Structures are given as C-alpha cells and as structure tokens.
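Each chain gets a letter, A, B and so on, in the order its sequence line appears, and its residues count up from 1. Keep in mind that this is a model prediction, so the values were computed, not measured.
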Protein chains: 2
Amino acid sequence: MHEIGQRIVSGKVKPGDVLPREETLAESLQVSRTALREALKVLSAKGLIESRTGVGARVLEKRHWNQLDADVLAWRCASMPTDDFVDKLVEMREVIEPAAVAAAARRRTAEHLAEIDSAYRAMDAAQTLDEWTAADLQFHDAVLHATGNELLQSLFSVIETALGTFFALSARTAANFKYSLPHHQKVLEAIRRRQPEVARKAMQALIADSQANLQQSRGRARARKKAGA
Amino acid sequence: MHEIGQRIVSGKVKPGDVLPREETLAESLQVSRTALREALKVLSAKGLIESRTGVGARVLEKRHWNQLDADVLAWRCASMPTDDFVDKLVEMREVIEPAAVAAAARRRTAEHLAEIDSAYRAMDAAQTLDEWTAADLQFHDAVLHATGNELLQSLFSVIETALGTFFALSARTAANFKYSLPHHQKVLEAIRRRQPEVARKAMQALIADSQANLQQSRGRARARKKAGA
DNA sequence: CCCGAGCTGTTTGTCATACAAATCGACTAT
DNA sequence: ATAGTCGATTTGTATGACAAACAGCTCGGG
C-alpha cells in the first residue's frame, strides 16, 4: 500500500493513468493478488484510485484525494516537502488552532485542563528533543480534545504532520528546542482562566513565531545550498 | 463494510469490544472471508478497528476514528442525527468556511471566480430542490477550491454532510428553498472584488442564518412531537 | 506460595486457484 | 450508418490451505 500510495502521491503515476492489472502488479511487488487487492481497496478508500471491472484501477484527480488522511499527508511529506506544501500546512494551523483554542477556553472541563497542564509540564521537564517533540504533540492534541468536538480533534493528523515537518526542517539543537515554552504557557493560562480571545491571540502568536522560525531555517538552508553550489 | 461500520459508529458494538472471528462474521454476513477481510481492512484504515493476530479485531476508541472521513460522517448521520452532532457540524463550518472564503478572496484566479459564479447562477436558476441542493454544494466546493489549498478542500466532506443533514432536517418547500440566495450573492461579490474581510463577514452571516433556520426547524419538530405525545 | 519459561490452541495474515460479473471494442446484420 | 451482439479482458468473489503471531495455560523452579 505504501509503495503504490507513494507512487501516486509523488506523481510517478498521474491522475487519469490506469495501473497495470492486478496480476502483474502483484507479481512485480512480490505479493499475492489477495494482499495487493487489500492494499488497493484501502487506497480506494483514501480516494486515490477507483477500480472498475473490465477497465482497471484508475488514478483519481487530486480533487478527490482524502488529503487529510494521515498516510496521504505522510506520503506528501516524504516525497515533496516543498515550501509550498509547508505553507499550506501552516495555513491549516492558522485556521484550526486559534479557533480550537478559543472553543477550548470556553468549554474546557477540569479534566481537559489537567490534560493540557500535564503536557505542558512534560514540555517543561523535557531533557531531549524527542521528549520535547512528544510532549509538544500531546499539548496540541489535548487542546483539540478540550474543544469537546471530535471532528476538530480529527484534524490533529494535520497538526501532527505540520509539527513533524517543522522539526525535520529546522534541525533544532538541544540548546534552543524549548524556545516556544513561554508561548505555550500563555495559551495554557488563557485556557485555565477561560479567556477565549486571549487564548486565540496567544495561539496566533505561537504559530506566527513558529512560522518565523521556519522562514529562518529556509533562509539558512538556501544560503547553504547557494554556498555549496 | 457499511454494515459493520454502522454497527460500530451507532454504538451497537463499543470501543474495546472484539468482533467475532472472521470466519463466523463472514458467514453471518453471507460473504466470503476474502470480501470480509477487504472490508475490515478499509475500516482499519478509517481508524475504527485494529486487527491483531491471535486476538481478533478490536474496536478502537473514538479518539482514533477518522471522523472527517465521508463514510464515518455519513454513518453518524444515519444513526444519530442528534442536536449535539449537528451543532458540531455547524461549529466546523464556522471555523472552516469564513477562513476559507477570506483566503479565496485574497488568492482567487479568474478561473476560480468563474467556477463560483457558475455555481451561483445554477442556484439562481434552480427549479427544484434537488437542483438547488446540487448547486449549493457546488458553490461551497468551488469556494474551497479557490483557496488554492487542497487540504482545506478536503474538508468539503464535512460541509457536504452538514448541508445534507440540514436539508434533511429542515424539510424545505419549493416556495422558500432559495431564501439564502442573497447571502450567497454577497459572498460571491466580495470574492469578485477581492475583499477578504467582507467575504468573511458575509460567510459568517450566511452560516448564522442557516443555523437560525435550523433552530427554527428544531423548534417546530419539538412542538410537533409534544403535540403528538 | 509466587513467578517465569515453554507449550499449545486460536486467530489473523498470506497465498494459489478457480470462476462469476461487468465492461469495452470490434464485428455483423439490417 | 447504426444498432445489436459476441468475445476478450479485467475486476469481484469464493474456497481451501498453510504460515505467523499472540494469549493463556501448564509445569518446573525458587
């Protein structure tokens, strides 16, 4: 599934193309037709392909892809982490997270707050980059959970991918990986005090700061590339 | 797939439960194990279940469900179109659409505008409720498309479900089903003139109006229920 | 009495094969 | 020229068999 999914998402096969017939595809991937079909069925569920009897499996247009699917996002990141795509991930965060944190500040229960607080303390206590990353993800997930709207929470896969890409691109060191802790604290406090608009502003600042950091990394990356060339 | 998916989403089997083994399940559904396995694989991709060898297929917690999946949304609507769930759909629209229309007003191309305009004219020309519904969906899809962010466009399944549920609940008549046309016109004009904030406000008004209409329907439904009881 | 290692039964994961159903394209008869 | 039909191709489904992995039990040791 991953093999074929990546081929499609990376553009090796384009929308409109039809895949080879199942028998040959199965042979070329060294699996049985049964296993291949289960993979194709999942790709079909993700909106990447459509199988029709007598014709074959046709790659659908991007329009139909389930772009918010965790796998599809991961494949896109693996094949083309272009600036363009990262900008789109940032835009999604700008839409989702401020609205979500405002809702969370309005409706949070004591349990939700405890969850967010726990994640914050884990971020504060993090010793390694991996610990920090895990706690950071937990923080943003807890905020979405606190909205009480599971539809919003399902957008976590987007935030997860966005943060993951961010970490990958901005090669942070042990010295500075905690730089955004104060921003997170402001968000936490606004939720604690049930101040939706304060929370929204704090989250916007957090994302803006994160984006600025990303731009900086891009600048450094381009400079290195230029110097190397 | 739909049968088992509905059983899970409707709560007939709860998170933590394990499904019967594949052989008996296949027999009870009158299909082969092959076909059943393809269905389970898709449900697994949607995050509803997790299969482990030697144990069986366990229903995952709602936390892991891919709630934005078109099928999952449809199953929820089919089994429990409660006020609570409709409110969550409305909240999603309140988050997504104003932000999306603002982005669309900023970045739209001539082609995008033509698409939206075409949908608007179809709404204006609609003679039947079905025609109107199709054009309305096309309008909102075109707006998402105009953002140029395919991640945002993938949220169309949510808007689609929300509007579909809305139409189902509010049993509109031929006389009044076009009442929201002026709101759509304001949105269209703001996008044409590239006025992001005007567009945002217009979309907020459109959704608010739609929600008000929904509340009214609920009131009538409750009144009928009370009178009948 | 408690605990861990190994064994065994159960269930999913994969495979090979066969056939039914549906579709497309070419051919034929009107 | 066109409509209908036939056949080749490909997916959809079914069946039977075996490999792999896990849960719980049993048994031996401390």
Exercise. Looking only at N and O atoms, is any donor in the side chain of B/Arg33 or the base of D/dG16 less than 3.5 Å from an acceptor on the other one?
Worked result: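 Check fails, no donor-acceptor contact within cut-off.
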Atom-to-atom span, [atom1] of [X] to [atom2] of [N] - whole angstrom:
| X | N | atom1 | atom2 | answer |
| --- | --- | --- | --- | --- |
| A/Leu25 | D/dT10 | CG | C1' | 13 Å |
| B/Arg37 | D/dG12 | CZ | P | 17 Å |
| B/Leu36 | D/dA14 | CG | P | 10 Å |
| B/Glu22 | D/dT15 | CD | C1' | 15 Å |
| A/Glu38 | D/dT11 | CD | P | 16 Å |
| A/Glu23 | D/dT11 | CD | C1' | 11 Å |
| A/Glu50 | D/dT11 | CD | P | 13 Å |
| B/Arg52 | D/dA20 | CZ | C1' | 14 Å |

Check your understanding: Are A/Glu23 and A/Arg21 close enough for a salt bridge, meaning some N to O gap below 4.0 Å?
Key ->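 Counted as a salt bridge, because a side-chain N and a carboxylate O are separated by less than 4.0 Å.
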| message | For a quick check under 3.5 Å, do A/His184 and A/Asp124 share a side-chain donor-acceptor pair by atom type? | response | no
Query raised in the report: Are OP1 or OP2 of D/dA21 and a side-chain N or O of B/Thr53 less than 4.0 angstrom apart?
Result: no
- request: Determine: side-chain N/O of A/Arg21 to OP1/OP2 of D/dT10, distance under 4.0 Å, yes or no.
  value: yes
Can you tell which of B/Lys62, B/Lys46, B/Lys88, B/Arg76 makes a side chain to side chain donor-acceptor pair (under 3.5 Å) with B/Gln67?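 Answer to the side chain to side chain donor-acceptor pair (under 3.5 Å) test with B/Gln67 among B/Lys62, B/Lys46, B/Lys88, B/Arg76: B/Arg76.
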Under 4.0 Å, counting only non-hydrogen atoms across every strand here, what does A/Thr34 touch: a base, just sugar-phosphate, or nothing? base
Extract, from 5' to 3' on DNA chain C, the first and final nucleotides lying under 4.0 angstrom from some heavy atom of chain B.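 Here the contact window of chain B covers C/dT10 to C/dT14.
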Polar side-chain atom of B/Thr147 near backbone of B/Gln153 as donor-acceptor pair, under 3.5 Å:
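Flag not set: sc B/Thr147 to bb B/Gln153 has no pair under 3.5 Å.
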Would you say A/Trp65's side chain and A/Leu60's backbone share a donor-acceptor pair under 3.5 angstrom? yes
* Step by step, work out the side chain to side chain contact (heavy atoms under 4.5 Å, CB included) result for B/Ile159 and B/Leu144. => CA-CA 10 Å; B/Ile159 282 103; B/Leu144 289 180; 4.1 Å; yes
Assert: residue with more 5' nearest nucleotide on DNA chain C, out of A/Val31 and B/Pro20, is B/Pro20
Using the side chain to side chain donor-acceptor pair (under 3.5 Å) rule, take A/His145 and A/Asp141 through it: C-alpha gap first, then chi angles, then the decisive distance, then the call.
-> CA-CA 6 Å; A/His145 190 205; A/Asp141 188 31; over 6 Å; no
